[in-house]
Number of protein chains: 2
Amino acid sequence: MLEIKELDIDKLEMAASMLKAMAHPMRIAILKHLEGGKRLTVTEIHELLGIEQSTTSHHLGILKDKGVLCSKREGKNTFYYLKYEVLSQIVECVHSCTCE
Amino acid sequence: MLEIKELDIDKLEMAASMLKAMAHPMRIAILKHLEGGKRLTVTEIHELLGIEQSTTSHHLGILKDKGVLCSKREGKNTFYYLKYEVLSQIVECVHSCTCE
DNA sequence: TTTACGAATGCAAATATATAAATATTTAAG
DNA sequence: CTTAAATATTTATATATTTGCATTCGTAAA
């Protein structure tokens with residue numbers, strides 16, 4: 001019983017931490033650019049968004065750490081991409097609810 | 001051109017603020033209890049979750065302020081409910097991605 | 001091995017958030 | 001009008017997040 005409740009709390013915290021990772025304007029912008037299975041490097045994202053390289057890397061690190069993105073190093077570049085394509089539904093859903 | 005970009009930033013910030021409102025373990029728990037069009041009072045939620053009344057009210061205020069919930073006062077009670085039923089998809093989606 | 005490029009990390013300041021205790025407000029009942 | 005119940009707000013403290021600069025790390029090319 002206690003275990004079940006603890007498990008629920010753990011699940012809630014995992015879900016919250018993933019949502020929190022996504023809940024930032026620049027990180028939403030990143031997710032939008034990665035929709036459809038696209039893969040982008042840190043530099044590409046940093047230039048697309050017009051924010052600092054280190055800030056970009058930090059945001060990407062948060063998204064990766066919380067299970068939203070994956071990364072793969074290829075030579076000097078690191079490509080980032082969505083871990084679950086279904087997550088872009090969240091962006092679309094929130095977007096539709098905030099645009100009326 | 002600048003206007004369009006500004007508009008995008010505004011939209012991103014609105015989406016982020018709605019997601020941020022949802023990105024908290026207790027607030028996700030609240031949303032789960034409100035799935036399916038259910039309406040609950042502050043006291044009911046505070047007892048369901050086992051957290052302080054003032055904390056509960058604070059969380060509900062955040063969700064309402066950011067457009068996730070609506071509220072309707074009826075006598076001494078205030079009932080809270082989902083503003084957009086579709087938002088419970090977000091909870092389900094994140095939940096499915098964090099449970100594997 | 002030296003150089004240069006892309007990416008990640010450590011750090012600090014500013015800002016934001018979470019929590020709960022205390023207090024205030026609103027409403028219904030007596 | 002007074003009281004009590006349900007909410008909401010205020011306040012204070014603790015904690016977390018954001019950002020950019022400076023630096024370091026990893027890799028490939030010269």
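Just so we're on the same page: letters track the sequence lines, and every chain starts at 1. This structure is a prediction, so every number in the text was calculated from the model and none was measured.
The CD atom of A:Glu47 sits 13 Å away from the P atom of C:dC5 (whole-angstrom rounding). In this entry the distance linking CG of A:Leu63 with P of C:dA8 reads 12 Å, nearest Å. To the nearest angstrom, P of C:dT25 lies 15 Å from CD of B:Gln53. The distance from atom CZ of B:Arg73 to atom C1' of D:dA5 is 10 Å, rounded to the nearest whole Å. One interatomic measurement links the two molecules: OH of A:Tyr80 to P of C:dA7, which rounds to 9 Å at whole-angstrom precision. Remark: P of C:dA7 and CG of A:Asp65 are 19 Å apart, rounded to the nearest angstrom. If you measure from atom CD of A:Glu44 to atom C1' of C:dC5, you get 14 Å, rounded to the nearest angstrom. Atom CZ of A:Phe79 and atom P of C:dA7 are 8 Å apart (whole Å).
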Heavy-atom protein contacts under 4.0 Å, nucleotides 13-20 of chain C, coded B base, S sugar-phosphate only, - none: ----SSBB
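Between A:Glu13 and A:Lys11 no salt bridge is recorded (no basic side-chain N to carboxylate O distance below 4.0 Å).
Base-pairing analysis of DNA chain C finds the following stems of at least three consecutive Watson-Crick or G-U pairs, with both pairing distances under 3.5 Å: C:1-30 with D:1-30.
Between the A:Glu85 side chain and the A:Gly36 main chain, a donor and an acceptor come within less than 3.5 Å of each other. A:Gln53 places no side-chain N or O within donor-acceptor distance of the main-chain N or O of A:Thr43, the cut-off being under 3.5 Å.
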